[in-house]
Structures are given as C-alpha cells and as structure tokens.
Amino acid sequence: MLDSCCAFTGHRPHKLPWRYIEADSRCLALKAALAGQITRLVDAGVTDFYSGGADGVDCWAAMIVLELRKKNPALKLHLVLPHEGQESKWSDPAQERYRSILKQADSVEYVSRAYYKGCMIDRNHRLVEAAGVLLAVYNGERRGGTAATVRYARRLGRDTIIFNPITLEVTEDQVG
C-alpha cells in the first residue's frame with residue numbers, strides 16, 4: 001500500500017532565490033518541473049499524495065495534484081497539518097490558496113489543534129510514515145525541516161526523490 005503513496009517536503013518561499021515572487025521565471029520553471037515529477041509518479045502507479053500544507057512547495061505540489069485529479073479522479077490528496085491556523089500569518093493570497101486546498105483535499109488530519117514546539121517535526125514524521133516515497137524539493141542544506149525530513153525518510157528506508165529547486169536536477173535513492 002505504501003508503494004502507491006507519496007509525501008512531499010520542500011522549502012518555504014523565503015529559502016528560495018525568488019522568495020515570494022511566484023511570477024519569477026525560476027519559480028515557474030520549478031513548478032513546471034515539479035508537475036512533471038508528480039505526473040511521472042502517477043504514471044508509475046502512485047495515487048495518494050500527502051502534503052503538510054506549508055507555504056511554498058507543499059502548497060504548490062498540492063495544487064498540482066488537485067489539477068491532475070480533474071483528469072484522473074483516482075488521485076487523492078491527503079493533508080497532514082501541524083496545527084489549526086498555521087496559515088494565519090501568511091500573505092492574503094497564500095492564505096486563500098491554502099484554504100482552497102483545504103476544501104478540496106480528500107482528507108485533513110491535524111497533528112494538534114494548537115501550536116506546540118515540535119508539531120512541525122511531528123507532522124513531517126507522519127508524512128514520511130504514510131508514504132513509500134518522499135518527493136523533496138531540497139537545496140542540500142544540512143539544517144532545517146526539509147533536511148530533517150529527508151534524513152528521516154532515509155532512516156525509515158523510504159524511496160527518496162531529491163529535486164533541486166535551482167538546477168532542477170533530480171537524484172533518486174531507491175530502496176526497493
């Protein structure tokens with residue numbers, strides 16, 4: 001069952017060179033390449049996708065799955081969220097996108113109703129545990145939530161697809 005499930009992890013906009021300017025050609029190229037990777041996973045039999053709902057990569061990937069689901073209703077989007085209101089300090093457009101994703105998701109699970117120190121890490125662990133493959137938009141830095149999530153996936157023996165947000169180069173660690 002895990003073989004048909006993929007979780008996403010990736011950087012928030014402030015960690016990317018274009019920051020919050022989604023019209024930047026590099027951001028558009030990343031989103032297009034990300035759509036290509038997700039389509040490749042669908043073609044390989046992945047039907048269930050797990051997103052943590054964070055601003056940036058998590059939401060972009062979720063939107064891609066929702067778009068693909070229009071043509072392939074077998075696809076499911078599951079949200080595993082750290083706490084209620086995680087979007088409350090985001091920009092208005094980011095909050096609007098997040099709430100739209102929330103309404104369209106096939107399932108929504110909260111790690112906690114309220115924020116607590118460690119709820120993001122707990123969310124990331126649940127994402128990895130739910131899926132056989134992790135698709136990580138990851139720049140290779142050693143610190144941060146994305147780096148820790150990639151390490152956790154490798155420790156659990158999950159297939160890992162690393163997708164560099166700048167070069168768009170893909171590397172894969174296949175366990176099975």
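The ring pair (Phe, Tyr, Trp, His ring centres under 6.0 Å) search around W60 returns none, not counting sequence neighbours. By the ring pair (Phe, Tyr, Trp, His ring centres under 6.0 Å) test, F163 pairs with no residue at all, sequence neighbours left out.
The list of salt bridge (charged side-chain N to carboxylate O under 4.0 Å, His left out) pairs with a residue in residues 55-67, not counting sequence neighbours, reads E67-K70. Residue pairs meeting the salt bridge (charged side-chain N to carboxylate O under 4.0 Å, His left out) criterion with at least one member in residues 111-121, sequence neighbours excluded, are E84-R113. Within the structure, every pair that satisfies the salt bridge (charged side-chain N to carboxylate O under 4.0 Å, His left out) test and touches residues 94-105, not counting sequence neighbours, is listed here: E22-R97, E87-R99. Counting only residues at least two apart or on different chains, the salt bridge (charged side-chain N to carboxylate O under 4.0 Å, His left out) pairs with a member in residues 128-148 are K15-E141.
Between L34 atom CG and L135 atom CG the span is 6.0 Å, to the nearest 0.5 Å. The distance from atom CG of L30 to atom OG of S25, rounded to the nearest 0.5 Å, is 11.5 Å. Note that CG of D24 is 10.0 Å distant from CG of L16, once rounded to the nearest 0.5 Å. A distance of 10.0 Å separates OG in S107 from NZ in K76, rounded to the nearest 0.5 Å. Rounded to the nearest 0.5 angstrom, R154 CZ and I162 CD1 are separated by 4.5 Å. Atom SG of C6 sits about 10.5 Å away from atom CG of D48, to the nearest 0.5 Å.
Counting only distance, with no hydrogens or angles, the side chain of R123 and the backbone of V111 share no donor-acceptor pair below 3.5 Å. Judged by distance alone, with hydrogens and angles left aside, the side-chain atoms of R158 form a donor-acceptor pair with the main-chain N or O of V128 at under 3.5 Å. Listed for the R19 side chain is a donor-acceptor partner under 3.5 Å among the backbone atoms of H14.
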Check against side-chain hydrogen bond (donor to acceptor under 3.5 Å, both in side chains), D173 and T160: CA-CA 5 Å; D173 296 341; T160 308; 4.8 Å; no

Stepwise, does the side-chain contact (heavy atoms from CB on, under 4.5 Å) test hold for I101 with L77? CA-CA 9 Å; I101 293 167; L77 176 65; 3.9 Å; yes

side-chain contact (heavy atoms from CB on, under 4.5 Å) between F49 and V42, intermediate numbers included: CA-CA 10 Å; F49 293 89; V42 169; 3.7 Å; yes

Evaluate the side-chain contact (heavy atoms from CB on, under 4.5 Å) criterion for residues L134 and Y152: first the C-alpha distance (whole Å), next the side-chain angles of each, then the deciding distance (0.1 Å), finally the verdict. CA-CA 10 Å; L134 177 70; Y152 187 67; over 6 Å; no

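Under the 4.5 Å side-chain heavy-atom criterion for grouping Ile, Leu, Val, Met, Phe, Trp and Tyr, V57 is not connected to L28 through any hydrophobic cluster.
A perpendicular orientation is assigned to the rings of W90 and Y98, their planes being inclined by more than 60° (bins at 30° and 60°). Between Y115 and H83, the ring planes lie perpendicular to each other; the angle is over 60°, past the 30° to 60° tilted range.
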